Colleague: 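Submitted below is the structure of interest, expressed as structure tokens.
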Amino acid sequence: MDVYRLLLCFVLVLTVYLVKEIHATHHVYEELKNVAPNSTQVYQYRTGYHFQPPSHWINDPNGPLYYKGVYHLFYQYNPYGAVWGNIVWAHSVSTDLINWLALEPAIYPTGPFDINGCWSGSATILPGGTPVIIYTGINTANQQVQNIAVPKNPSDPFLREWVKPSYNPLMAPTIYNQINSSSFRDPTTAWQGPDGRWRVLVGSKRGHRGMALLYRSKDFSYWVKAKHPLHSAEGTGMWECPDFYPVSVRDTVGLDTSVNGENVKHVLKASLDDEKYEYYTVGTYLHEKDSYVPDNTSADDATGLRYDYGKFYASKTFFDGAKNRRILLGWMNESDSVSTDVQKGWAGVHSIPRRIWLDPSGRQLVQWPVEEIEALRGNQYDIQNKRIESGSVVEVPEINASQADVEVTFDLYSLEEAEVLETNLVDPQLICSMKGASVKGGVGPFGVLVLASKDMQEQTAVFFRVFKGQGNKNVVVMCSDQSKSTLATDVDKTTYGGFVDVDLKDGKLSLRSLIDHSIVESFGAGGKTCITARVYPKTAVGDDARLFVFNNGSSAVGITRLSAWTMLQPSVNG
Ligand code: DQQ
């Protein structure tokens with residue numbers, strides 16, 4: 001045997017050794033993934049103004065971008081069933097991020113490098129303006145590899161057709177780079193360093209250390225793995241859908257992904273496969289070393305800051321050059337049972353696109369629904385300067401409370417009666433679970449009861465509770481309590497919670513909730529703490545859904561101002 005053959009045998013043996021079973025990050029229901037929706041679909045939980053296709057399963061938002069006056073949103077989609085499987089990149093376009101037109105899927109299995117699935121990835125706008133996509137393909141050997149796709153016809157603003165160059169894959173697990181072939185996915189938007197080279201991150205793990213692997217390229221075709229990941233964190237497990245981008249220290253405008261320098265900080269986000277939630281840090285990106293150092297203002301692990309403390313995962317941001325803003329989109333999975341999903345004929349929705357920027361404190365991000373959504377505000381009802389006594393409830397009438405937007409600013413007359421927070425209570429979700437909306441407090445719980453039935457047997461409570469913490473410092477917790485959200489029993493009713501970093505000097509606390517049949521997407525303190533819940537009321541449906549403001553604390557609180565609107569129905573992939 002000549003040397004060449006010997007080498008070939010060696011490589012083959014090692015390839016077989018390295019090829020592992022496909023590790024699905026989602027539950028696989030083999031028997032259901034090709035079951036098409038039937039005619040008895042359940043419609044009452046379909047959303048009115050959130051992003052969803054007419055039917056079937058969706059998960060992660062992929063490669064959002066703005067090109068020639070058109071927003072593009074791709075997403076993980078099963079064309080054949082209402083559970084995860086058969087994944088392709090479905091494609092929708094919009095001019096306002098609210099009305100969407102569905103096009104044919106943009107990326108679907110075609111070659112050995114993605115024949116078993118086209119998983120998540122991101123778009124990069126190259127100098128000159130042409131977008132390219134790097135995504136994870138599942139190859140013939142069920143390994144995760146990274147591929148590139150480019151528009152077939154860049155003069156088409158709808159970017160309908162995408163082609164995959166013959167030099168795919170760009171990045172693959174090999175015997176040399178020690179990459180686990182089932183933990184190597186979800187490339188970020190690429191950015192260019194001052195040396196002109198491109199960089200991209202790929203989510204991975206080694207042992208239980210989650211990491212963002214770094215690749216560099218001079219020409220966007222030939223990519224070399226850097227010796228060290230950009231960043232990693234022990235104990236966090238597989239990092240899915242990493243995101244890495246600059247934010248301005250000075251104002252709320254968004255920055256294009258390659259921007260760095262003075263008055264710029266960076267954000268690194270990871271979606272934790274083990275926890276099924278995300279965390280992020282704010283920090284410094286050191287160009288020369290190609291490393292990222294998180295600030296010590298928040299934890300660099302699963303207990304760290306979150307975009308959203310509820311059902312929100314696999315999110316992605318993009319820079320919108322049309323309005324100089326950075327926009328965040330996330331996937332909101334269902335909280336009902338798989339059999340209900342099959343009966344519904346669909347599963348999964350996306351968040352309302354949120355503008356995202358660095359809080360002036362520099363310690364965290366702030367999010368707010370894009371302004372375009374306000375065009376959907378219809379019939380309005382206002383309340384001003386109203387006192388809400390301890391233990392009382394005020395109804396917000398005259399709007400369609402199953403499809404609404406409500407903004408309220410509360411006046412905290414006095415903080416005297418705030419409950420003392422036990423020092424061992426450091427997990428806000430636990431605090432909210434122990435002290436739900438029906439557990440009386442001092443200052444709070446106060447907030448809104450949404451998707452509530454007339455008798456309030458069904459209700460989702462979104463509220464604040466103010467505590468006295470260490471050194472008499474006030475600690476504010478925002479909760480979304482789903483325990484009474486439905487009379488149904490086959491639903492996940494987990495209560496969610498997050499701390500709100502506010503000083504309460506002016507005694508004001510604001511809350512906004514976007515209510516959309518089975519979604520309650522809430523923004524506390526102007527978007528400092530966000531919580532999304534998926535709920536499935538049985539009776540608080542359509543015209544029978546009500547909206548209330550409540551106060552279950554011993555202190556009275558005031559409504560400085562409340563505005564609620566019926567939300568109109570945009571055209572979403574119809
Ligand atoms: N979903 C995709 C993966 C990603 C996961 C597969 C996150 O690429 O890691 O549909 O939800």
Side-chain angles (χ1 to χ4, degrees), residues 21-30 33 53 56-64 73-91 105-109 113-123 133-139 142-147 149 169-173 179-189 200-205 210-213 236-243 269-279 306-308 311-317 328-334 341 347-351 532 534:
E21 263 289 279
I22 189 166
H23 276 228
T25 76
H26 303 270
H27 204 101
V28 183
Y29 299 92
E30 267 313 324
K33 70 181 192 189
H56 299 98
W57 164 275
I58 81 166
N59 53 293
D60 319 354
N62 291 153
L73 177 57
F74 307 88
Y75 55 97
Q76 298 278 284
Y77 176 65
N78 179 355
Y80 305 114
V83 300
W84 186 85
N86 310 307
I87 292 295
V88 301
W89 277 45
H91 184 191
I107 301 177
Y108 41 86
F113 49 82
D114 68 1
I115 203 67
N116 286 311
C118 297
W119 290 12
S120 288
S122 309
I133 283 168
I134 304 185
Y135 68 98
T136 299
I138 309 301
N139 71 11
N142 276 333
Q143 294 175 309
Q144 297 169 10
V145 300
Q146 318 313 322
N147 303 317
L170 303 182
M171 304 159 202
I179 291 170
N180 179 339
S181 61
S182 56
S183 306
F184 181 49
R185 57 183 178 271
D186 310 337
T188 61
T189 294
V200 90
L201 301 179
V202 183
S204 189
K205 68 171 176 186
M211 58 182 63
L213 299 175
T236 53
M238 175 65 191
W239 283 10
E240 299 190 306
C241 303
D243 199 4
K269 182 275 298 185
S271 306
L272 303 181
D273 193 15
D274 293 351
E275 323 281 354
K276 284 286 174 275
Y277 64 68
E278 313 185 306
Y279 87 98
R306 290 163 60 176
Y307 286 155
D308 193 301
K311 270 262 156 101
F312 188 92
Y313 193 68
S315 69
K316 195 170 293 294
T317 63
L328 167 72
L329 301 146
W331 163 45
M332 299 162 170
N333 199 357
E334 302 300 312
D341 290 344
V349 289
H350 284 175
S351 67
T532 296
R534 298 300 313 279

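Residues: numbered from 1 along the sequence shown. In listed order, ligands and their atoms are each counted from 1. Since this is a predicted model, take the numbers as computed values, not measurements. Any value given below was found using the heavy atoms of this structure, including those in side chains, with hydrogens, waters and symmetry copies removed.
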Colleague: Would you call K205 and D274 a salt bridge, using N to O less than 4.0 angstrom?
Modeller: no
Colleague: Sort out the contact shell of ligand 1: every protein residue with a heavy-atom distance below 4.0 Å, listed by chain and number.
Modeller: T25, H26, N59, D60, Q76, W84, W119, S120, R185, D186, E240, Y313, A314, W331
Colleague: Donor-acceptor check, side chain of K33 to backbone of W84, threshold 3.5 angstrom: yes or no?
Modeller: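 The answer is no, because no donor-acceptor pair under 3.5 Å joins these two groups.
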Colleague: Whether the T188 and D243 side chains hold a donor-acceptor pair (N or O, under 3.5 Å, no angle test) is what I'd like checked.
Modeller: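 No, D243 and T188 have no side-chain donor paired with an acceptor closer than 3.5 Å.
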Colleague: For S315, does its backbone N or O pair with a side-chain atom of K269 as donor and acceptor, under 3.5 Å?
Modeller: yes
Colleague: Do you know which of W57, Y108, Y75 makes side chain to side chain contact (heavy atoms under 4.5 Å, CB included) with I87?
Modeller: W57
Colleague: Any side-chain to backbone donor/acceptor pair from N142 onto N116? Under 3.5 Å, distance only.
Modeller: no
